[in-house]
Number of protein chains: 2
Amino acid sequence: MMEPSPRGETASLILQAADEMFGELGLDGVSVRDVAVRAGVNKALVFYYFASKEKLFEAVLERYYEVHRAALEASFQSDAPLAQRLHALVDAYLDFIEQHRRYPRLVQALVVGNPAFHPFIQRNLEPMFRFTEAVLVGISPEHGHLAARHFFLDISAAVINTFTYAPVLAPMWGGDPLAPAALAERRQHLHWLADALLTGLTSATPSPSPRGGEGRGEG
Amino acid sequence: MMEPSPRGETASLILQAADEMFGELGLDGVSVRDVAVRAGVNKALVFYYFASKEKLFEAVLERYYEVHRAALEASFQSDAPLAQRLHALVDAYLDFIEQHRRYPRLVQALVVGNPAFHPFIQRNLEPMFRFTEAVLVGISPEHGHLAARHFFLDISAAVINTFTYAPVLAPMWGGDPLAPAALAERRQHLHWLADALLTGLTSATPSPSPRGGEGRGEG
DNA sequence: ACCCATCCTGACCGATCGGTCAAACCGACT
DNA sequence: AGTCGGTTTGACCGATCGGTCAGGATGGGT
């Protein structure tokens, strides 16, 4: 180990350390000192390469967002049947998170955290939103309670909360919800969920209220 | 309302201030000094009534959990049709959060935050989990990808993420997703979602794979 | 040799944090 | 009058935080 740090890699050492620590302990759970120590690097170097702790955090996230976006787009085949495209979308999401377990905690913490990050999140989330929206174009109405945006929210919530809630759900789940077998079952369920939504959508008659007497309208 | 003072007047002043501030800025975004100032009270009094900042945070959450649990249970009518019971459950969840807008941010931040809180969350979440599970008993198999636990996760995720993601979704949503009209639409969608899941469940044949060739099976 | 830009260091800063403490306050009871 | 328990105060603590700075190394170009 005479030359542990090949030149020019300092920034990525810091980025990697920040990735690991932020993903486990959150933005406020980690100090710049911690990151520097983990990276085996002087603390001042963190500020040399990244303007601030927040910028470092964003740099970590930006990397994830890029890969995530690419994974979603790669799953897209415009000529495949709709159900298959939806399954592919769910799989792409699941696969990506399985390979980047720290990602969901990072984004979730970011969303409920400092509002100063919201523009950053929006900038990165919007492409994925538009993309998922496009999959349902033609099948889902543009407005109303069956619009694509609702399904984007349903599905991404079901996927991401699988991971963020896993640690607290474990006792009720009867074992770790992120164990391979449990995760495979969850994937199966999410496929089933996509099918159920699709069936509901395609068989939906234009008649507005399928069931009587529970209109709760706007307040 | 939300329970009177647990002890004297001062303690509930602190609790109320902590509620407001934690709900907006999270555990780490608020200092004990901030809470004391907001409550118009000496900082040392916070530690006099609550052992630590974390205990104060838990006290805030515990109050919410109690009301939430009560709201869910109140929505339960064992003799009503299943679909109606599910709608009532969704409505109870939505109504509760609408009336306590800070709650979802609090729990979400708690889940992705310090793991030391996990036992606390589990203690409070489990009753609601068991309760929701009971609604589907008989209709949902005990094991496998259609077990009740999956639906608990799907629905609670769809409901809670409606609120936690609202601020970042606004630009894509075309307006505030928490505006009364948007929220009413979301409620309609969630009812539709519950119906779609129920339809899928009741019409499900015992045959395991409804569609060929994409088994990603258990690992 | 010199320069210069990049990379790196360790010491340092002011601010803020959660938490403690001894003392003071205060109404009720004897 | 005294005193006693619950309540309140302000000063204080050590630790840690994000961030800065002056200057030391290093290496390639001239």
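Lettering of chains follows the sequences in order, A, B, ..., and the numbering in each one begins at 1. Everything numeric here is computed off the predicted structure, so don't read it as measured data.
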Minimal non-hydrogen separation, P119(A) against P115(A), with atom names: CD-O, 3.8 Å
Distance flag, aromatic centroids of F57(A) and F117(A), threshold under 6.0 Å: yes
Of the listed nucleotides dG19(D), dT7(D), dG10(D), the one nearest the side chain of S52(A): dG19(D)
Proximal nucleotide (of dG18(D), dG19(C), dG10(C)) relative to the K43(B) side chain: dG19(C)
Sugar-phosphate only, base, or nothing, as touched by V46(A) at under 4.0 Å among non-hydrogen atoms: nothing
Nearest-neighbour nucleotide for the L45(B) side chain, dT20(D), dG18(C), dT9(D) considered: dT9(D)
Out of dC21(C), dT20(D), dG18(C), whichever nucleotide has its closest atom nearest the side chain of A44(A): dT20(D)
Nearest-neighbour nucleotide for the N42(A) side chain, dT9(C), dC17(D), dC7(C) considered: dT9(C)
Ring centroid separation H150(B) to W173(A) under 6.0 Å: yes
dC17(C) OP1/OP2 closer than 4.0 Å to side-chain N/O of S31(B): yes
Among dG18(D), dC7(C), dG19(C), the nucleotide that comes nearest once only the side chain of Y48(A) is considered: dC7(C)
Out of dC17(C), dG19(C), dC13(C), whichever nucleotide has its closest atom nearest the side chain of D34(B): dC17(C)
First of R33(A) and G40(A) reached from the 5' end of DNA chain C, by closest nucleotide: G40(A)
Short side-chain N/O contact from T10(A) to OP1 or OP2 of dC7(C), under 4.0 Å: no
